[in-house]
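The structure that follows is given in the form of structure tokens.
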Amino acid sequence: MTHFPIGTPGKPWGDQEKQAWLAQVTIKRSYQDEVVSKLLPLAAEFEQIQYGALDYDVEKYPLFAFKTKNWHPEKKTVLITGGVHGYETSGVHGAIQFLATKAKAYSEQFNIAVLPCISPWGYETINRWNPYAVDPNRSFYANSPANESAAAMAFVATLGDIFVHIDLHETTDTDELEFRPALSARDGKDYEKGVIPDGFYLVGDSDNPTPEFQKAIIDSVAKVTHIAPDDDGQLIGVDIAQFGVINYPTKKLGLCAGMTNNQFNTTTEVYPDSPLVTTQECNDAQVAAITGGLDYIIKQLS
């Protein structure tokens, strides 16, 4: 077994190991140039809110949310989140594309709030963790250890009841090449190699699985990109609940999709490393997931 280059096998990381990990992290792209520059023009169509800034660099990492302008208490509220894992690029740009192309039309039926990039430092460093080796997507709970998660939860708490929450993610080859080995090393555990699904899939909520909602999203995304086939009845080592869907206990695990008492939630997982898809198709798949889910809800409410 090849051990991760930081830490001692079988021993969880302390501050020294976390600092050694952070020291080898580099900036690889610009949040300001690639994300903020695309968000600012949207302020004319939506209410733009800066709900905080990451304390690593408050000038460089402002946190933005957008709300539809015709907000009304009688409408159901939809929450769209992207970039909880900053390295999952189509989660960020799919959220922006939804805002730019589809959100206004759906605002006739829904209040819509979009947090396009919850983890901008992770976006710039192409990283799953924040600088403290903490995973924001396991940190959505009271007294969160992640600045990113705490700021998002505080803002979402101002929105009232959330009816639908769609959290945009990717599963990438680097999950097995880098991030899961690092996680095992950080926690002092042996790394067991997993399988990256070849295609799109969803993570529903095992405490509220909503299979028809999940199916509507799968059917919508299948028009854009291929859905991951199961691996002996599993995806990423978890038993499938239905085609293209596995379920996690979202609240228990501190996942972003479980941060509210919503009626419908899902976490998308685009596979950007497939030779069968382009960057634009990955973004399109995220938008198709949102619209497929919202179209289903509209039919249920009519």
Test applied, side chain to side chain contact (heavy atoms under 4.5 Å, CB included); reference residue, His93; option that passes from Asn283, Thr279, Leu168
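That would be Asn283; it is the only one of Asn283, Thr279, Leu168 passing the side chain to side chain contact (heavy atoms under 4.5 Å, CB included) with His93.
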Mark yes or no for whether Lys189, through its side chain, and Ser184, through its backbone, hold a donor-acceptor pair below 3.5 Å.
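No; zero donor-acceptor contacts below 3.5 Å.
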Decide whether Tyr123 and Phe179 are clustered together by the hydrophobic rule: side chain heavy atoms of Ile, Leu, Val, Met, Phe, Trp, Tyr closer than 4.5 Å, transitively.
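Different hydrophobic clusters.
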Go through the steps to decide whether Val221 and Ile227 satisfy the test side-chain contact (heavy atoms from CB on, under 4.5 Å), and finish with yes or no.
CA-CA 8 Å; Val221 173; Ile227 307 303; 4.2 Å; yes
Evaluate side chain to side chain donor-acceptor pair (under 3.5 Å) for Thr26 paired with Lys28, printing each intermediate quantity in order.
CA-CA 6 Å; Thr26 59; Lys28 299 177 177 67; 3.2 Å; yes
Check the orientation of His169 and His85. Use parallel for under 30°, tilted for 30 to 60°, and perpendicular for over 60°.
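Perpendicular: the ring planes of His169 and His85 meet at over 60°.
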Residues Ile196, Arg180; criterion side-chain contact (heavy atoms from CB on, under 4.5 Å); working and verdict
CA-CA 11 Å; Ile196 299 298; Arg180 290 175 185 164; 3.9 Å; yes
Would a hydrophobic clustering, with Ile, Leu, Val, Met, Phe, Trp and Tyr connected at side-chain separations under 4.5 Å, put Phe66 with Ile166?
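Yes: a chain of side-chain contacts under 4.5 Å links Phe66 to Ile166.
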pair Leu255-Thr267: side-chain heavy atoms closer than 4.5 Å
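Side-chain contact under 4.5 Å: no.
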Main-chain N/O of Phe140 paired to Ser144 side chain as donor or acceptor, under 3.5 Å:
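It does not hold such a pair.
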Would a hydrophobic clustering, with Ile, Leu, Val, Met, Phe, Trp and Tyr connected at side-chain separations under 4.5 Å, put Phe243 with Leu235?
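Shared cluster, no.
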In the structure I gave you, are the side-chain heavy atoms of Gln286 and Val270 within less than 4.5 Å of one another anywhere?
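Sidechains of Val270 and Gln286: in contact.
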Just by distance, do the side chain of Tyr191 and the backbone of Glu176 share a donor-acceptor pair under 3.5 Å?
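Yes, because the side chain of Tyr191 sits within donor-acceptor range (under 3.5 Å) of the backbone of Glu176.
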Would you say Asp161 has more than 12 foreign heavy atoms packed within less than 6.0 Å of its CG?
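Atom CG in Asp161 is not crowded, with 12 or fewer foreign heavy atoms closer than 6.0 Å.
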Within this structure, what is the CD1-CG distance for the pair Ile162 and Asn261, rounded to the nearest 0.5 Å?
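Reported to 0.5 Å precision, the distance equals 10.5 Å.
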Examine distances only and state if a side-chain atom of Ser220 and a backbone atom of Ala289 form a donor-acceptor pair shorter than 3.5 Å.
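Pair absent, no side-chain N/O of Ser220 close to backbone of Ala289.
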Identify the two heavy atoms, one from Pro145 and one from Val134, that lie closest to each other, and give their separation to 0.1 Å.
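For Pro145 and Val134, the tightest heavy-atom pair comes out as CG-CG1, 4.1 Å.
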Taking the six-membered ring for Trp, are Phe163 and Phe264 ring centroids under 6.0 Å apart?
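Yes - the distance between ring centres of Phe163 and Phe264 falls below the 6.0 Å cut-off.
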Minimum heavy-atom distance between Tyr248 and Val238, given as atom pair plus value
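Minimum heavy-atom separation between Tyr248 and Val238: CE2-CG2, 3.6 Å.
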Could you check whether any side-chain N or O of Lys299 sits under 3.5 Å from a backbone N or O of Leu294, counting only pairs where one atom can act as donor and the other as acceptor?
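Judged by distance alone, no pair lies under 3.5 Å.
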Just so I know, are the side chains of Val114 and Phe46 near enough to count as touching, which here means a heavy-atom distance under 4.5 Å?
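Contact flag for Val114/Phe46 side chains = no.
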Where do Leu183 and Arg186 come nearest, in terms of heavy atoms and distance?
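In terms of heavy atoms, the two residues are closest at CD1-NH2, 3.1 Å.
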Any donor-acceptor pair under 3.5 Å from Asp231 side chain to Gln234 backbone:
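Not confirmed, Asp231 side chain does not pair with Gln234 backbone.
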Can you tell me if NZ on Lys252 sees more than 12 non-hydrogen neighbours from other groups inside 6.0 Å?
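For Lys252, atom NZ is not crowded (no more than 12 foreign heavy atoms under 6.0 Å).
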Given the rule in the salt bridge (Lys or Arg N to Asp or Glu O under 4.0 Å) test, do Lys251 and Asp207 qualify, once you have shown the distances and angles that lead to the verdict?
CA-CA 9 Å; Lys251 284 189 178 296; Asp207 293 320; over 6 Å; no
Is it the case that the side chain of Glu281 and the backbone of Val224 share a donor-acceptor pair, with hydrogens and angles ignored and the cut-off at 3.5 Å?
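No; judged by distance alone, with no hydrogens or angles, the pair does not exist.
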Heavy atoms, side chains only, cut-off 4.5 Å: are Asp167 and Asn265 in contact?
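No; the side chains remain at least 4.5 Å from each other.
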So, taking the atom named CD1 in Ile236 and the one named CG in Asp175, what distance separates them when rounded to the nearest 0.5 Å?
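Between atom CD1 of Ile236 and atom CG of Asp175 there are 8.5 Å.
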For Arg29 and Glu124, what are the C-alpha separation, side-chain angles and deciding distance, and is it a salt bridge (Lys or Arg N to Asp or Glu O under 4.0 Å)?
CA-CA 5 Å; Arg29 56 188 180 181; Glu124 287 203 333; over 6 Å; no
Check whether more than 12 heavy atoms from other residues, nucleotides or ligands sit under 6.0 Å from atom CD of Gln24, and answer yes or no.
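For Gln24, atom CD is crowded (more than 12 foreign heavy atoms under 6.0 Å).
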Check whether any side-chain N or O of Lys215 sits under 3.5 Å from a backbone N or O of Thr210 as a donor-acceptor pair, and report yes or no.
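Between the backbone of Thr210 and the side chain of Lys215 there is no qualifying donor-acceptor contact (under 3.5 Å).
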Determine whether the aromatic ring centres of residues Tyr271 and Tyr201 are separated by less than 6.0 angstrom.
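They do not qualify: ring centres at least 6.0 Å apart.
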Is it possible for you to say whether Tyr132 and Tyr61 belong to one hydrophobic cluster, with membership spreading through side-chain heavy-atom contacts below 4.5 Å?
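Linked within one cluster.
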Does the side chain of Pro120 reach to within under 4.5 Å of the side chain of Leu63, using non-hydrogen atoms?
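The answer is yes; the side chains approach within 4.5 Å.
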Step through the shown structure and confirm whether more than 12 heavy atoms of other residues, nucleotides or ligands are within 6.0 Å of CG on Asp15.
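At most 12 heavy atoms, drawn from other residues, nucleotides or ligands, come within 6.0 Å of this atom.
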Test of understanding: clusters of I, L, V, M, F, W, Y form through side-chain heavy atoms closer than 4.5 Å, transitively. Do Val203 and Ile118 belong to the same one?
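No, because Val203 and Ile118 fall into different hydrophobic clusters, even though each may have its own neighbours under 4.5 Å.
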With sequence neighbours excluded, residues passing salt bridge (charged side-chain N to carboxylate O under 4.0 Å, His left out) with Glu148:
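In terms of salt bridge (charged side-chain N to carboxylate O under 4.0 Å, His left out), with neighbours along the sequence ignored, Glu148 is linked to no residue.
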Could Lys67 and Trp71 be counted as a cation-pi pair, given that NZ or CZ must be under 6.0 Å from the ring centre and within 45° of the axis?
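Judged by the rule, Lys67 and Trp71 form a cation-pi pair.
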Can you check whether Trp13 reaches Asp187 side chain to side chain, under 4.5 Å on heavy atoms?
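A side-chain contact under 4.5 Å is absent here.
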Would the distance check show the side chain of Arg138 and the main-chain N or O of Leu253 forming a donor-acceptor pair, the cut-off being under 3.5 Å?
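No.
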Check step by step if salt bridge (Lys or Arg N to Asp or Glu O under 4.0 Å) holds for Glu88 and Arg128.
CA-CA 8 Å; Glu88 297 171 8; Arg128 187 178 182 88; 3.7 Å; yes
Ignoring hydrogens and angles, write down the donor-acceptor pairs under 3.5 Å from the side chains of residues 95-103, residues two or more places apart or on other chains.
{"from": "Gln97", "atom 1": "OE1", "to": "Gln280", "atom 2": "NE2", "distance (Å)": "2.9"}
{"from": "Gln97", "atom 1": "NE2", "to": "Asp284", "atom 2": "OD1", "distance (Å)": "2.8"}
{"from": "Thr101", "atom 1": "OG1", "to": "Gln97", "atom 2": "O", "distance (Å)": "2.7"}

For Asn262 and Val164, run side-chain contact (heavy atoms from CB on, under 4.5 Å): C-alpha distance rounded to whole Å, both residues' side-chain angles, the deciding distance at 0.1 Å, then the answer.
CA-CA 6 Å; Asn262 54 71; Val164 183; over 6 Å; no
Which pair of heavy atoms, one from Asp239 and one from Ile246, lies closest together, and at what distance?
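Taking every non-hydrogen atom into account, O-CG2, 3.7 Å.
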Does Gln50, at its CD atom, have more than 12 non-hydrogen atoms belonging to other residues, nucleotides or ligands within less than 6.0 Å?
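It does: Gln50 CD has more than 12 such atoms within range.
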Polar side chain donor-acceptor pair, Thr81 to His165, under 3.5 angstrom:
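Side chains of Thr81 and His165: pair found under 3.5 Å.
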Residues Asn111 and Tyr106: side-chain donor-acceptor under 3.5 angstrom
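The answer is no; no qualifying pair exists.
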To check you understand the geometry: which heavy-atom pair defines the closest contact between Ser107 and Thr68, and what is its length?
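Minimum heavy-atom separation between Ser107 and Thr68: CB-CG2, 3.5 Å.
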Quick check: do Leu54 and Tyr31 have side-chain heavy atoms less than 4.5 Å from each other?
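They are not in side-chain contact.
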Can you confirm whether more than 12 heavy atoms, excluding those of Tyr56, are under 6.0 Å from its OH atom?
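Yes, the 6.0 Å shell around OH holds more than 12 heavy atoms from other groups.
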For the residue pair Val92 and Val35, establish whether any side-chain heavy-atom pair is separated by less than 4.5 Å.
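Yes, their side chains come closer than 4.5 Å.
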Closest heavy-atom contact between Pro41 and Lys38?
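Nearest heavy atoms, Pro41 then Lys38: CD-O, 3.5 Å.
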Quick one: do Phe64 and Tyr51 satisfy side-chain contact (heavy atoms from CB on, under 4.5 Å)? Show the steps, please.
CA-CA 6 Å; Phe64 291 109; Tyr51 65 90; 5.5 Å; no
Answer yes or no: is there a donor N or O on one side and an acceptor on the other, between the side chain of Ser274 and the main chain of Leu276, under 3.5 Å?
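Yes, the answer is positive, given that a donor and an acceptor are paired below the 3.5 Å cut-off.
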